[in-house]
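Contents: one structure, followed by commentary.
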Amino acid sequence: MRQSSLVVVANRLPIDDSTAPDGACEWRRRPGGLVSALHSPLRQTPATWVGWVGGTGPAPALPDVDGVRMRTVPLTADDLRDHYEGFANATLWPLYHDAVEQPEHHRRWWEAYQRVNQRFAAAAAEVAEPGAVVWVQDYHLQLVPGLLRALRPDLRIGFFLHVAFPPPELFMQLPRRAELLRGMLGADLVGFQRAQAAHNFAQLADRVLGLPATDHRIAVDGRIVRIGSFPVSIDTAEMAALADRPDVADHASRLRRDLGSPEHVILSVDRMDYTKGIEQRLKAYSELIADGHVKVQDTVLVQVAVPSRERVGQYQILRKRVEREVGRINGEFGRVGEPAIHYLTQPFDRAELAALYRIADVMAVTPLRDGMNLVAKEYVAARVDDTGALLLSEFAGAAAELPQAYLVNPHDLEGLKQGLLAALRAQPDQVRARMREMRTHLHQHDIHAWARSYLAALDQDSALLSRLGTTR
Ligand code: ADP
Ligand code: G6P
């Protein structure tokens, strides 16, 4: 087994086995923030990515992807049900997102979570060279830092949580709260999207484990674990270059024509997830049409909602409700050849997404809670001519960095409607000024800056940093 000096451990590998229309198996990049974030900085770095490739059964051996070695971890059908769909996505995911859906607790899920975390830790231990940096990602693997430290005390271990981390009152509901905190504290550096999350974590370390903690450091077992916020970002230059490509511009013009050359295009791009506020957004839009503030003849909404975690009950219910509502709105307000909502559930490649971003006069990103939301940042990066208004939820991590967006509280239906109208009716010079500031911010705070700042904090002497610096 070849070993690496940098190992990323994430539930997902950056690829997925999908079935092509002709029935053949094809590997492609999956929709989702974590994969989008890590793909760019790791490209061409001699790293190994440890993860699951989807499905059950033995783990296939995979070729390198963009110079990164793939080390697959298998999940059995029971692991899939109890670890991925259960503890990760029906206990932790809803709890970490303000419990907007009720988290479920089952002892069997916890056993699977421990078992699968152990398997990931063992795989990481196997592929890490002596003294390597191992960077563990996200809520599926919170026990891995502790388990890995026990196996390989020589490693530098980082943990980064891509999703929101809840206030102590919510986290305290978890029957295994102490074990989860201890697992994360196996790392040398625990990173979050927001400073508030690091504060929540420090409070919990004190309250649940009785550890001396500040918002920057926690003392545990004679070690210091550093904590902090590292807002994740995107490959801004790559998205801008893509959006600027002549073929993408042509595709965008065709798309706009296909939509009937409306005066206004509103776009939303989400995984089909109850945290994304899709139902609230549809309600706001349909009320604006019903009130006569928005006319279907000159305004269209394009809602892309790619199905996600499809066997989890709450996701199945959401999809049914969204599709019923889209059908109702189109039935009530659409005309022949002129639907009120263009609803798409397909995954798109990056160029297609860039073309969609290019045609969106208003991008509506209104999650009820979101660790960051990379779609909002991708949209800004794609607006190379500085046009376009971003309607953004206050409850997305991105709102802290993009105050020039039209900020809304998605729980407030009236506020959501007013925000959408304000974005639709904004003066072009105002829109341009706001967009320009947001683009400048994202060029300075891109994904490479994020990876560098995290790894610098994790391992100041590391030679990895200089290598990451050359991947741009
Ligand atoms: P989350 O992490 O909850 O999925 P983010 O907005 O942070 O939300 O990240 C979603 C990522 O998935 C973005 O990079 C976005 O471009 C990508 N994505 C979303 N929908 C699609 C789709 N239909 N096809 C391809 N990629 C998608
Ligand atoms: C969010 C999570 C990621 C996850 C992604 C897609 O971005 O933070 O860890 O990979 O959603 O979800 P999925 O369940 O398809 O991996």
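Remember, it's 1-based here, ligands and their atoms both numbered in the order they're listed. Residue indices begin at 1 and follow the sequence shown. Below, all heavy atoms of this structure are taken into account, side chains as well, without hydrogens, waters or symmetry copies. Quick caveat, the model's predicted, so the values are computed rather than measured.
- Checking Arg383 against Thr387 by side-chain atom types alone, a donor-acceptor pair falls below 3.5 Å.
- Ligand 1 has Arg350 within reach: a non-hydrogen atom of the residue lies less than 4.0 Å from it.
- Residue contacts with ligand 1 leave out Glu352, since none of its heavy atoms falls under 4.0 Å from the ligand.
- Heavy-atom proximity to Leu353, at under 4.0 Å, picks out these atoms of ligand 1: 16 (O), 25 (C), 26 (N), 27 (C).
- Under 4.0 angstrom from ligand 1, the non-hydrogen atoms of Val269 all belong to its side chain.
- Among the candidates Arg434, Glu437, Arg439, the single residue satisfying the side chain to side chain donor-acceptor pair (under 3.5 Å) test with Gln404 is Glu437.
- With Asp188 contributing its side chain and Ile157 its backbone, the two residues share a donor-acceptor pair below 3.5 Å.
- If you look at Glu378 next to ligand 1, the close heavy atoms, those under 4.0 Å, all belong to the side chain.
- Atom NZ of Lys276 sits about 10.5 Å away from atom OG of Ser393, to the nearest 0.5 Å.
- Against a heavy-atom cut-off of under 4.0 Å, Val306 is close to the following atoms of ligand 1: 20 (N), 23 (N).
- Not a single heavy atom of Met372 sits less than 4.0 Å from an atom of ligand 1.
- Between Tyr139 and the options Val163, Leu95, Thr91, a side-chain contact (heavy atoms from CB on, under 4.5 Å) holds for only Val163.
- Of all atoms in ligand 1, numbered sequentially from 1 with element shown, those under 4.0 Å from a heavy atom of Arg271 are 1 (P), 3 (O), 4 (O).
- Within the 4.0 Å heavy-atom cutoff, Val163 counts among the residues contacting ligand 2.
- The ligand atoms of ligand 2 that sit less than 4.0 angstrom from a heavy atom of Tyr84 are 13 (P), 14 (O), 15 (O).
- Of all the atoms in ligand 2, the ones that sit under 4.0 Å from a non-hydrogen atom of His140 are 9 (O).
- Selection from His162, Gln346, Lys276 by nearest heavy atom to atom 8 (O) of ligand 1 gives Lys276.
- Across the listed options Asp138, Leu161, Val232, Asp370, Asp138 owns the non-hydrogen atom lying nearest to atom 2 (C) of ligand 2.
- Using cut-offs of 30° and 60° for the angle between ring planes, the Phe171 and Phe165 rings count as tilted.
- Residue contacts with ligand 1 for Asn373 involve both N, CA, C or O and side-chain atoms from C-beta outward (heavy atoms, distance under 4.0 Å).
- When Glu310, Met372, His162, Arg309 are checked for heavy-atom proximity to atom 1 (C) of ligand 2, Arg309 turns out nearest.
- Separating the CG atom in Asp82 from the CZ atom in Arg107 is a distance of 13.5 Å, to the nearest 0.5 Å.
- With a 4.0 Å cut-off on non-hydrogen atoms, Leu374 touches ligand 1 through its backbone as well as its side chain.
- The Arg12 neighbourhood of ligand 2 comprises atoms 10 (O), 13 (P), 15 (O), 16 (O), with distances under 4.0 Å to a heavy atom of that residue.
- The closest donor-acceptor contact from the side chain of Gln118 to the backbone of Leu147 lies at 3.5 Å or more, if one exists at all.
- Every atom of ligand 1 with a heavy atom of Val304 under 4.0 Å away is listed here by number and element: 23 (N).
- In terms of N/O distances under 3.5 Å, ligand 1 is not approached by Pro347.
- In this structure, Arg271 counts as a contact residue of ligand 2, since one of its heavy atoms falls inside 4.0 Å of the ligand.
- Ring planes of Phe201 and Phe192: tilted class, angle from 30 to 60°.
- Every residue two or more places apart in sequence or in another chain that forms a ring pair (Phe, Tyr, Trp, His ring centres under 6.0 Å) with His441 is listed here: His445.
- Side-chain atoms of Phe87 and Leu92, non-hydrogen and from C-beta on, do get closer than 4.5 Å to each other.
- In this structure, CG in Asp385 is found 10.5 Å from CZ in Arg436, a value given to the nearest 0.5 Å.
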